[in-house]
Amino acid sequence: MKEATESLNFIEHIVEEDLAAGFPKEKLCFRFPPEPNGYLHIGHAASICLNFGLGEKYGAPVNLRFDDTNPAKEEQEYVDAIKRDIAWLGFKWANECYSSDYFQQLHDWAVQLIHQGKAYVDQQSSEQIAEQKGTPTSPGTNSPYRNRPVAENLDLFERMKKGEFAPGTYLLRAKIDMASPNMHMRDPILYRIIHAHHHRTGDSWCIYPMYDWAHGESDYLEQVSHSLCTLEFKAHRELYDWYLDQIIDPKKLRPKQREFARRNLSFTVMSKRKLLELVQKNVVSGWDDPRMPTISGLRRRGYTPASIRKFSDVAGISRRDNVTDVSLLEFCLREDLNQSATRVMAVLNPIKVVLQNYPEGQTEILHLENNPEKTDAGTHEVPFSRELYIEREDFKEEADSNFFRLTIGQEVRLKSAYIIKAESVIKDAAGNLLEIHCSYDPDSRSGSGTDASQRKVKSTIHWVSVAHAISAEVREYDRLFLDESPDTHESKSYMDFINPNSLKVIKTAFLEPHLGQARPNESYQFQRLGYFALDPDSKSGQLVFNKTVGLKDTWAKQNAAPTNKQAAPVKPVAPAPQEVKSALNEIQYIGKKLTNLSGDKLEDALNDIRKQAEGLSYEELEPLFATASKKVGTRIAVLVALSVLLAKGTPKTPAALEFIASCQSDESNTLREEASKVA
RNA sequence: UGACUGAUGGUGUAACUGGCAACACGUCUGAUUUUGGUUCAGAAGAGUCUAGGUUCGAGCCCUAGUCGGUCAACCA
C-alpha cells in the first residue's frame, strides 16, 4: 500500500529546507500579527490556520501580536474580539504581544539610526513629500532636510517626542535611496506625530512608528523565525531586511519574511475597509451579521470551528491570486454538521393537513432519531395528532411523475410516523389552498414492524403537530453580493452588486416542541431543510433561528435548471473557430507522440491527422512550418496535414514549397518519404 | 514606459534532484436510503498561457513573448 504522504505547501517546503540546511528546529517560531482595527474574517482564518498549523506541526510557539502602531484606528474592542475569535477557532498562542510593548526599544533604535546618519527629521508637507517621492517609473528627489546635521535631528526628534509639534509638521525618515526602483526604499517614514489616546500606552507617546519600522523589529525582538504575510507586502521585504540589517545582533536569529496569496471567497469581499463600510452603511446589522464573512459572523450563522479549519486546510496556500468558490466552504460545513447536528422537524412555510380518520383530541408520542450518523445518539419524543403542518412545497394537487411528494391519491410517509394519502383539498373563495384532507394508515406506524409499516412509498416528508408546535422566527440568508467577484470591476464598485434579498425573515415558523430546549452554540438539522442554530437575539419564548446552510438539494436544482440556464452567464462560444483550434491542437498533440509510434499505430495516428486536417485552413497551419527542426513528429504531422490541404486544392505557396523542400532533406526517413510523396 | 510577482480541468491545490499530470470541491450516471440528505460505485472534464530551445524524455531547465496581480497612505 502506498504511504499517504501529505504534500507540503510552499511555506512548509521553505521550513523543511531551512531545517535541512541546519536551522535548529527548537528555534522555529511563528506569529499572527493582526492590527486591532476591525474584526477577523475568513481570509484571516487562512493566515491563522497557516501559522498556528505550522506551530502545531513543528511543536513551535506561535505568538499573537497586535500590530497597534496607529492609535487613530485601533480599539480595545477589536483586541478582545480578535482574541475571542482565535480562541474559538481552537488555537492557543504562546505569548500575547503588542508592538506597543516595543515602543521604547524602537525609539532607542531610531535614535541610534540618527546618530549613524541614517535617519533625519523632515518638516515638509505631505504634498511636498509625495511629490518628491517620484513615481514607480521615475526616481524621486531628495528632501532639502536630508542632510540636516545629526545634532539638529536629535534635538528635533526629541522635541517631536515631547509633544512640542503639531501633527503633520515633523517626521522622522530613514535615509536610504530616493532613486530606488522600490518605492518603499525612497526614504520611508519611521515616525509620525499622532496626538491620540492609545488603547494601551495611553498618552505616554505622541510619536508612533510606521508599520515597516515596527514589524520586522518586533519579529526580531520576539525571535520569530518565519514571518508570514500576504503578497501585497512583497515589495516591503527589501525594507524589512534593510531595517533588520541596522539593528541585528549576528548571534541572534534573523527573521525571514515570506509572502503568500490572500484567500478570496466568491460572492463576498474580504477587506476590513470594505467590511467596515458595509457595517457603517447599515447594509448589514454589524460585524457579526450572519451574512458577513467575519469569524464572528460565521459563528453567529452557525459555522463550526472545525469547518473553518477544514476549509483552510483543503483550500491550501499558494502564491497566486485566487477566488475560491463558497461551495467548498459549504461542503466543509455540511460535512461537519452532518456528523454532529441533532435532527429535528420544523415547518417554515406551513399548510395544514387534517387526518380525517384520526381520532379527534388524541395525541401520540412518537420517537425521532437524533442522528442517523451516530447509532448511539438516541431518540427524542415528538407528539403526533390529527392536525399537522407540512411544508407547502411538499404538496401539489396535480404533479408529474418526477414529484415524489404528496398529491391527491398519492401516499407519502410522515417521518417517523404514519403513511398518509391526500384525499381532497379545502380552498377559500379566491381559490387559495387552506387545508389538505388526508387519510392515514393506522397500521403503518414507523418502527411498529407491521407489514404496512414496511411498505415502500416514494417519499418521506417532515411535519409538526399543530396543537403542540412552538413558533419561532427563522432567518434565511443568501449571498451578500450578486457578483462572484464584486470588488474586481474597474467601472463598478462592490456596493453596486449588493444583493437586496440577502435576508429573508420568516416571522412564524412551526417547530417541534423539543426545540424549546434548543441551546446556543448548538446546530440542529431541520430535516430536509438544512442546518440551523439559535441566534443570540432569542429570548425565552421568542426563539430566533439562523439558517446556517441548506442541505444539498438535487431536487431543487433539477427544478431550477431550466430557468437557471437562462440566467446563467453562458460563455459565448463560437463553435466554428473552436473546432479549427482543436483540430490544430490535435494535430500538434498527435505529432508530439509520432516518433514513438510504429506500424499500425503510426498509420492510425497519421490517419487521425488526415481526418483532423479536413477541418483546417491553410492559414491555421502555416505558422507551424517554423516548428523546430528537432521536433520531427510535429513536422511530420504538419506535412501530412499540408498534403491533405494541397489535395483539396489549396495553392502551393512559397512558404509551403520551402517547407516541403526542407523536409525532403531532413534526417528523418519518415519525414523524407512523406515529403517526396507531397512533392 | 519601471520594479517585483504569478500563470496546471469550472474552482482550489499537488506533482521529491526532468520520467504515465494527482487530490478535493463542483458537475453527470447508477445503487442504497423512513431526509430528493448521508453513504457507496462509476463517468466526464486539463496535454500544464504562447512560440522557440536543451534532452531519449519538459508542467518542471534556458530564451523571447502574452496575459493577470502588486507598488507612488504621515494605513497595516
Side-chain angles (χ1 to χ4, degrees), chain A residues 5 7-9 13 33-35 37 67 69-70 72-73 122 125-126 129-131 133-140 167-168 170-171 173 180-184 186 189 191-194 208 210-212 214-215 229 231-238 259 261 263 266 272-273 314-325 327-332 334 338-339 343 345 369 372-373 402 404-405 412-417 419 446-447 453-454 456-462 525-530 550-558 571 585 588-589 592 595-596 623 626-628 630-631:
Chain A
T5 49
S7 63
L8 305 178
N9 63 46
H13 276 296
E35 181 189 12
N37 68 340
D67 220 338
T69 57
N70 185 356
K73 287 188 176 179
D122 203 340
S125 67
S126 58
I129 291 178
E131 201 171 314
K133 195 140 195 182
T135 71
T137 50
S138 62
Y170 289 87
L171 286 173
R173 292 229 260 165
S180 170
N182 184 344
M183 298 292 289
H184 295 100
R186 323 245 259 229
I189 295 164
Y191 276 93
R192 77 284 210 200
I193 298 167
I194 302 176
Y208 289 90
M210 295 289 287
Y211 163 85
D212 290 293
H215 203 93
C229 59
L231 242 27
E232 64 266 31
F233 291 100
K234 178 68 220 253
H236 295 244
R237 188 147 119 197
E238 192 180 354
E259 310 82 11
R263 172 87 23 218
S266 60
K272 282 187 205 166
R273 200 200 93 231
V314 167
I317 291 288
S318 72
R319 327 188 52 162
R320 52 172 175 240
D321 300 325
N322 60 79
V323 181
T324 307
D325 202 307
S327 66
L328 187 61
L329 213 208
E330 292 178 343
F331 162 78
C332 296
R334 291 194 186 101
N338 180 46
Q339 295 302 318
R343 313 294 137 122
M345 292 197 287
E369 247 184 326
E373 305 297 318
N402 282 333
F404 301 163
R405 285 111 100 142
V412 298
R413 170 168 297 279
L414 295 175
K415 177 71 182 175
S416 299
I419 292 173
S446 289
S453 74
Q454 320 260 332
K456 299 285 177 207
V457 290
K458 281 191 97 173
S459 171
T460 298
I461 64 174
H462 60 275
Q525 186 196 89
F526 291 7
Q527 291 205 79
R528 303 208 304 134
L529 297 176
L551 257 26
K552 205 171 136 190
D553 191 346
T554 45
W555 164 243
K557 204 170 2 183
Q558 195 180 319
K571 274 186 194 165
N585 284 347
Q588 282 181 289
Y589 177 56
K592 279 189 192 175
T595 45
N596 300 329
T627 298
K630 286 263 184 167
K631 295 196 171 175

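Naming convention: chains lettered A, B, ... in sequence-line order (proteins, then strands); numbering from 1 in each chain.
- Nucleic acid contact for A:Q525: base, since at least one base atom lies under 4.0 Å from a heavy atom of the residue.
- Side-chain N/O atoms of A:R320 and base N/O atoms of B:rU13 include no donor-acceptor pair closer than 3.5 Å.
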List every contact pair, protein side and nucleotides 19-30 of chain B side both N or O, where the distance is under 3.5 Å.
residue, atom, partner, partner atom, Å
B:rU27, OP1, A:K557, NZ, 2.3

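- Within 4.0 Å (heavy atoms only), A:R405 reaches at least one base atom of the nucleic acid.
- Residue contacts for A:V457: at a heavy-atom cut-off of 4.0 Å it reaches no nucleic acid atom on any strand shown.
- Side-chain atoms of A:T460 stay outside donor-acceptor range of the base of B:rU35, with no qualifying N/O pair under 3.5 Å.
- Counting only Watson-Crick or G-U wobble pairs whose defining distances are both under 3.5 Å, the stems of 3 or more consecutive pairs in RNA chain B are B:2-7 with B:66-71, B:10-13 with B:22-25, B:27-31 with B:39-43, B:49-53 with B:61-65.
- As judged by a 4.0 angstrom heavy-atom cut-off over every strand, A:G140 is placed among residues making no nucleic acid contact.
- No contact: A:L414 has no heavy atom under 4.0 Å from any strand.
- Among the heavy atoms of the strands, none lies under 4.0 Å from A:D122.
- As judged by a 4.0 angstrom heavy-atom cut-off over every strand, A:S318 is placed among residues touching the sugar-phosphate backbone only.
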Listed pairs, N/O of protein and of nucleotides 71-76 of chain B, under 3.5 Å:
residue, atom, partner, partner atom, Å
B:rC74, N4, A:Q124, O, 3.4
B:rC74, N4, A:G168, O, 2.8
B:rC75, OP2, A:R192, NE, 3.1
B:rC75, OP2, A:R192, NH2, 2.9
B:rC75, O3', A:R192, NH2, 3.1
B:rC75, O2', A:N70, ND2, 3.2
B:rA76, OP1, A:T69, OG1, 2.7
B:rA76, OP1, A:R192, NH1, 3.4
B:rA76, OP1, A:R192, NH2, 2.8
B:rA76, OP2, A:Y211, N, 2.9
B:rA76, O4', A:E35, OE1, 3.3
B:rA76, O3', A:D67, OD2, 3.2
B:rA76, N6, A:H236, NE2, 3.2

